[in-house]
There are 2 protein chains.
Amino acid sequence: MADTNDLVLERLLDAPRELVWEALTTPEHLKKWWAPRPYQTPEVEVDFRPGGVFRLRMTGPDGFDTGTGGAGCVLEVVAQEKLVWTSALGPGFRPVASIEDCGGFPFTAIMSLEDAGGGKTRYKAVAMHRNEADRETHAKMGFHEGWGTCADQLGEVAASLKENV
Amino acid sequence: MADTNDLVLERLLDAPRELVWEALTTPEHLKKWWAPRPYQTPEVEVDFRPGGVFRLRMTGPDGFDTGTGGAGCVLEVVAQEKLVWTSALGPGFRPVASIEDCGGFPFTAIMSLEDAGGGKTRYKAVAMHRNEADRETHAKMGFHEGWGTCADQLGEVAASLKENV
């Protein structure tokens, strides 16, 4: 369901669904694509089950650093189909201590995969916000460019796994 | 895991686990026990799967009325074992529009059942808050008395189902 509080990004990735899922859910691979280059993801702490921790530390050449706090929470995991997580809750489903802990605005992300034929995968990411103001804030922070770059990187990492199959 | 931000309530209920679960997850039964008498639960809208709506309207003889808004979200459902829901997210896992929408403070509840032998069930409810201040607010609102009364009512409703087995 599209909603005016959502931001939506879609990409056709040149890798089959099982490899995109692998790239999406393996810490070592997440480090390679989670942050839009030249930003980096030096730390990944994820537990892909409902209530599991979802924390990815991002750093940038300009001194940008999301730090070691601000853990989110995994909400739903359907292998090779859907991954849902939120910054509104922390590990174990506990509400986060403050809005600052979720980067100024809480949101829930639904990342889904669909077979697109010919060994390709349709990747869709939906960021659901509390209201239009938060959606606008996220959009102005560069959601489409940032998440788009990351999606391209996700596709590259997934494609690179083909040789190892 | 106990946490200083949690409120915990335990009750030994005189009914087997499958009947307590039935009383816990059936809208018609929820209406009978969800609100501490003389408060009532005239409307129940629940969908017991991850991301499902969790909205129970409570009214009281003093004009108290939680209204028709403020829907929470079901997070985890393990039949006859565990039900987890939160007021920090709405249906579909979307973060709630404002703190007011979750009664002044968001929290996540874990309601769990355990066989206690002799046809009895140990019921445990944990309310997890953002911080100690929210926990205190919830405690002063009468958490232990209110949730305790509801737990007793839950036990009564579950016990009343024995005859129908």
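Just so we're on the same page: letters track the sequence lines, and every chain starts at 1. Any value given below was found using the heavy atoms of this structure, including those in side chains, with hydrogens, waters and symmetry copies removed.
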Q | Nearest-0.5 Å distance, CG of residue Leu89(A) to CG of residue Leu89(B) | A | 4.5 Å
Q.
Is it true that, when you exclude Glu22(A) itself, more than 12 heavy atoms of the residues, nucleotides or ligands shown sit nearer than 6.0 Å to its CD?
A. yes
Q: Indicate yes or no: at least one non-hydrogen side-chain atom of Phe93(B) is less than 4.5 angstrom from one of Glu76(A).
A: yes
Q) Would Leu9(B) end up clustered with Trp33(B) when hydrophobic side chains under 4.5 Å apart are linked, directly or stepwise? A) yes
Q | Verify same cluster id: Met58(B), Val74(B) (apolar side-chain graph, 4.5 Å) | A | yes
Q. Got Pro95(A) and Thr108(B) here, is their nearest side-chain heavy-atom distance under 4.5 Å?
A. yes
Q: Please indicate whether Lys32(B) has more than 12 foreign heavy atoms, meaning atoms of other residues, nucleotides or ligands, lying under 6.0 Å from its NZ.
A: yes
(Q) Does Glu136(A) have more than 12 heavy atoms from other residues, nucleotides or ligands lying within 6.0 Å of its CD? (A) yes
Q: Tell me, for Asn5(A) versus chain B, whether the close heavy atoms (under 4.5 Å) come from the side chain, the backbone, both or neither.
A: both
Q: Using atom types as modelled and distance alone, determine if a side-chain donor or acceptor of Arg94(A) lies under 3.5 Å from a backbone N or O of Arg130(B).
A: no
